[in-house]
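To start, the structure under review is shown below, and the notes come after it.
Just so you know, these numbers come straight off a predicted model, no measurement behind them.
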Amino acid sequence: GAVYAVGGLAGTAVFSQISNCSFDGTILSKAYGGGAESNQDRCPAGGIVARLNQSTSITNCTSSGSITTEKGRYVGGIAGYNGYSSSSYYSYVEKSVNVGRVDGSNYVGGIAGYSYGSSSSYMSSVEGCLNAGIVNASTDYAGGIVGYNNGSYSYLRYCLNVGNVI
């Protein structure tokens with residue numbers, strides 16, 4: 001069957017508060033999501049949660065595991081995809097640390113692969129986080145903290161990257 005999100009603790013988190021958790025293992029995702037190559041974006045991967053949306057937060061979490069997707073995008077040490085694009089929701093990652101390696105095709109980040117916030121009703125943030133792991137995107141968009149920070153209401157604050165980005 002189709003796999004839509006692969007996370008160390010949860011594939012998708014909706015209306016959730018996740019705090020004081022850790023992941024130290026291996027995530028290897030070979031799935032596109034839905035079986036078609038055009039659905040690459042439907043299979044994010046993250047050390048804590050793959051898809052973080054709809055009023056969900058990750059606070060004080062740590063990932064020291066290895067996260068690899070061979071064909072998917074939106075890959076992060078803590079969250080693969082941070083944000084939501086309908087209704088009034090806010091999602092965020094704060095005070096979290098990644099020290100593991102993160103590899104993907106594109107939208108790859110030490111904390112979040114992709115973070116999206118388009119208006120005051122659809123906000124996302126990554127704040128007070130640290131990445132010390134290696135981040136590798138084989139195609140596009142790699143960042144020590146966020147691979148692609150999209151939108152004027154997607155906040156990136158008080159973070160530090162000391163890991164290599166390749």
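Of all non-hydrogen atoms in Val93 and Ala79, the two that sit nearest each other are CG2-CB, 4.3 Å. Gly47 and Ile27 get closest at one heavy-atom pair: CA-CD1, 4.3 Å. Nearest heavy-atom pair across Val99 and Ala132 is CG1-CB, 4.0 Å. In plain terms, the two heavy atoms of Leu52 and Tyr92 that are nearest each other are CD2-O, 3.8 Å. Closest of all the heavy-atom pairs between Thr69 and Gly104 is OG1-CA, 3.5 Å. Across all their heavy atoms, Ser152 and Ser118 have their closest contact at OG-O, 4.4 Å.
Here ring-ring contact (aromatic ring centres under 6.0 Å, His included) pairs that include residues 6-28, with residues two or more places apart or in two chains, are Phe15-Tyr89.
Take Tyr114 and apply the side-chain hydrogen bond (donor to acceptor under 3.5 Å, both in side chains) test, not counting sequence neighbours, and it matches Asn150. Ser64 meets the side-chain hydrogen bond (donor to acceptor under 3.5 Å, both in side chains) test with Asp24; sequence neighbours excluded. Residues passing the side chain to side chain contact (heavy atoms under 4.5 Å, CB included) test with Ser119 are Ser121, Tyr122, sequence neighbours excluded.
Clustering of Ile, Leu, Val, Met, Phe, Trp and Tyr side chains at separations under 4.5 Å places Ile134 together with Ile166.
Of the inter-residue distances, the one linking Glu94 atom CD with Cys129 atom SG reads 8.0 Å to the nearest 0.5 angstrom. To the nearest 0.5 Å, atoms OG (Ser55) and CE (Met123) are separated by 9.5 Å. One distance of note links CZ of Arg73 with CG of Asp140; it measures 9.5 Å at 0.5 Å rounding. To the nearest 0.5 Å, atoms CG (Asn106) and OG1 (Thr139) are separated by 5.0 Å. Distance check: Arg51 CZ to Asn53 CG gives 6.5 Å after rounding to the nearest 0.5 Å.
In this structure a side-chain-to-backbone donor-acceptor pair under 3.5 Å is present from Thr56 to Ser16.
Using a 3.5 Å distance cut-off with no hydrogens or angles, the side chains of Tyr90 and Ser125 do pair a donor with an acceptor. Between the side chains of Asn82 and Ser91, at least one donor N or O lies within less than 3.5 Å of an accepting N or O.
Proximity of Cys61 to Ile18: side-chain heavy atoms (C-beta onward) are separated by under 4.5 Å at one or more points.
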Given Cys43 and Ser29, is the side-chain contact (heavy atoms from CB on, under 4.5 Å) satisfied, shown in steps? CA-CA 8 Å; Cys43 193; Ser29 173; 3.7 Å; yes
Could you list the donor-acceptor pairs under 3.5 angstrom formed by side chains in residues 153-165, with sequence neighbours left out?
| from | atom 1 | to | atom 2 | distance (Å) |
| --- | --- | --- | --- | --- |
| Ser154 | OG | Ser115 | O | 3.2 |
| Ser154 | OG | Ser115 | OG | 3.3 |
| Ser154 | OG | Ser124 | OG | 3.1 |
| Ser154 | OG | Asn149 | OD1 | 2.8 |
| Arg157 | NH1 | Glu127 | OE2 | 3.2 |
| Asn161 | OD1 | Asn131 | ND2 | 2.8 |
| Asn161 | OD1 | Gly163 | N | 3.2 |
| Asn161 | ND2 | Gly163 | O | 3.0 |

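Linking ILVMFWY residues whenever their side-chain heavy atoms come closer than 4.5 Å, directly or via other members, places Val75 and Leu9 in the same cluster.
Here the rule is side-chain contact (heavy atoms from CB on, under 4.5 Å) with Ile111, and of Ile48, Leu130, Val97, Ile145 only Ile145 fits it.
Between Tyr148 and Tyr107, the two ring planes are perpendicular [angle over 60°; tilted spans 30° to 60°].
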